[in-house]
Structures are given as structure tokens and as C-alpha cells.
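One structure is given here, and the rest of the page talks about it.
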Amino acid sequence: MRTRPGLTSWPALGPGLVAALLPSLVSVLAGPDPQPWRRLLLGTAALGVVLAGAARRWQAPVLLGGGALGLLALHELARGWDLLPRWIYLAVGGLVLVGLAATYERRRRDLARLRAAVIRLG
């Protein structure tokens, strides 16, 4: 990419990242075995790709690594779904609703202040 300034991160890094992350991701998502080391190493590698891409401001590593990391996180949540007591889901849902309500009230207050400032402009 240094020798070709017009080259973006997608053609330069995209195929290599797909070849590096996709086989392990498919193996983790579709494989019958738990594969704890593969899951751990894939998560670490995907996080490293995201951080390296963010540091260099490259789009392909951030999106591909983030996608792999997101799918892996959803897979891990699905694996642990039955291990938690049922009341935890209600508690988390309640906390999310309280957080959304607080944000909503704050935004309404900000809008009212903005409206008052515009009216004072005359």
C-alpha cells in the first residue's frame, strides 16, 4: 500500500483477512465440538485485527475483524444462554429500558432548551 498510494485496504488486505479469519469462524460456528482454544485464539486475532486497523485507519480490517468478533460474541452468548438463571434476562432488559428512558428524557430536555434558545433569537 506504500508503493501504490491509490490502493485502498479492501483489495490489499481484504482477501488475506478473509482467508485468515473465515475458516476458523466457520469451524467454530458449525463445528460440533466446543473448541475452546480455537474460539479464544479467533477472538484474540479478530480483536488484534480490529485494533491494528483502527490504529492505521484502514476500513477492511476494522469491518472484517469486527464482523468476525461480533459473530463470535453472538455465538458465545448463545452457548451460555441456558447456563444463566432466567431472572437475569429480565434484570438486563429492565436496566436497558431504564437507560433508554433516561436518555430519552435527557434528549427531550435538550430539545426544549434548543427550542427556547431559537425562540429567544426572535
Side-chain angles (χ1 to χ4, degrees):
M1 290 175 55
R2 289 184 188 150
T3 59
R4 296 173 56 191
L7 187 65
T8 64
S9 65
W10 284 103
L13 302 172
L17 288 172
V18 168
L21 296 174
L22 190 62
S24 288
L25 183 63
V26 169
S27 175
V28 165
L29 295 178
D33 297 332
Q35 304 176 8
W37 286 106
R38 183 182 293 262
R39 293 189 336 246
L40 178 66
L41 291 174
L42 177 61
T44 304
L47 182 62
V49 166
V50 169
L51 293 176
R56 298 207 181 233
R57 297 184 181 268
W58 289 337
Q59 188 179 32
V62 170
L63 292 180
L64 292 174
L69 200 57
L71 287 173
L72 185 64
L74 287 175
H75 180 260
E76 293 301 314
L77 282 173
R79 285 180 53 86
W81 185 262
D82 289 332
L83 300 176
L84 294 174
R86 296 291 176 218
W87 63 268
I88 289 180
Y89 305 117
L90 292 174
V92 169
L95 287 174
V96 167
L97 286 176
V98 168
L100 287 173
T103 301
Y104 174 72
E105 289 297 324
R106 191 177 324 132
R107 298 294 176 237
R108 266 188 54 194
R109 196 174 339 118
D110 292 344
L111 262 167
R113 258 190 280 153
L114 178 65
R115 186 177 18 233
V118 170
I119 290 173
R120 279 194 308 259
L121 289 176

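Quick caveat: nothing in here was measured; it's all calculated off a predicted structure.
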Which pairs count as ring pair (Phe, Tyr, Trp, His ring centres under 6.0 Å) when at least one residue sits in residues 82-115, sequence neighbours excluded?
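For residues 82-115, and leaving out neighbouring residues, the ring pair (Phe, Tyr, Trp, His ring centres under 6.0 Å) pairs sorted by first residue read W81-Y89.
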- Query: For the atom pair CG (L90) and CG (L95), what is the distance rounded to the nearest 0.5 Å?
  - Reply: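 One gets 11.0 Å once the value is rounded to the nearest 0.5 Å.
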- So, for A46 and G65, which heavy atoms are closest and what is the spacing to 0.1 Å?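 Where A46 meets G65 most closely, the heavy atoms are CB-O, 3.7 Å.
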For the residue pair P23 and A19, what are the closest heavy atoms and their distance?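 Here P23 and A19 meet closest at CD-O, 3.3 Å.
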> If you link I, L, V, M, F, W and Y whenever their side-chain heavy atoms are under 4.5 Å apart, who else ends up in the same group as L21?
Replying inline: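 Traced through the cluster, L21 reaches L25, V28, L29, L42, L71, L72.
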Inset, instruction - Give me the other members of the hydrophobic cluster that V50 sits in, counting Ile, Leu, Val, Met, Phe, Trp and Tyr linked by side-chain heavy atoms under 4.5 Å, directly or via other members. - result: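 Members alongside V50: none; it stands by itself.
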Linking I/L/V/M/F/W/Y whenever any side-chain heavy atoms sit under 4.5 Å apart, do [X] and [Y] land together?
| X | Y | value |
| --- | --- | --- |
| L13 | V18 | yes |
| V62 | M1 | no |
| L74 | V92 | no |
| L64 | L69 | no |

Does any pair with a residue in residues 10-28 pass side-chain hydrogen bond (donor to acceptor under 3.5 Å, both in side chains), and if so which ones, sequence neighbours excluded?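 Listed by first then second residue: W10-Q59, S24-R38, S27-Q35.
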Handout entry: Sequence-distant partners of R113, salt bridge (Lys or Arg N to Asp or Glu O under 4.0 Å), two or more places apart
Key =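 For R113 the salt bridge (Lys or Arg N to Asp or Glu O under 4.0 Å) partners, ignoring immediate neighbours, are D110.
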_Listing request: all salt bridge (Lys or Arg N to Asp or Glu O under 4.0 Å) pairs with a residue in residues 63-89, at least two apart in sequence or in separate chains._
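Every pair satisfying salt bridge (Lys or Arg N to Asp or Glu O under 4.0 Å) with a residue in residues 63-89: R39-E76, D82-R86.
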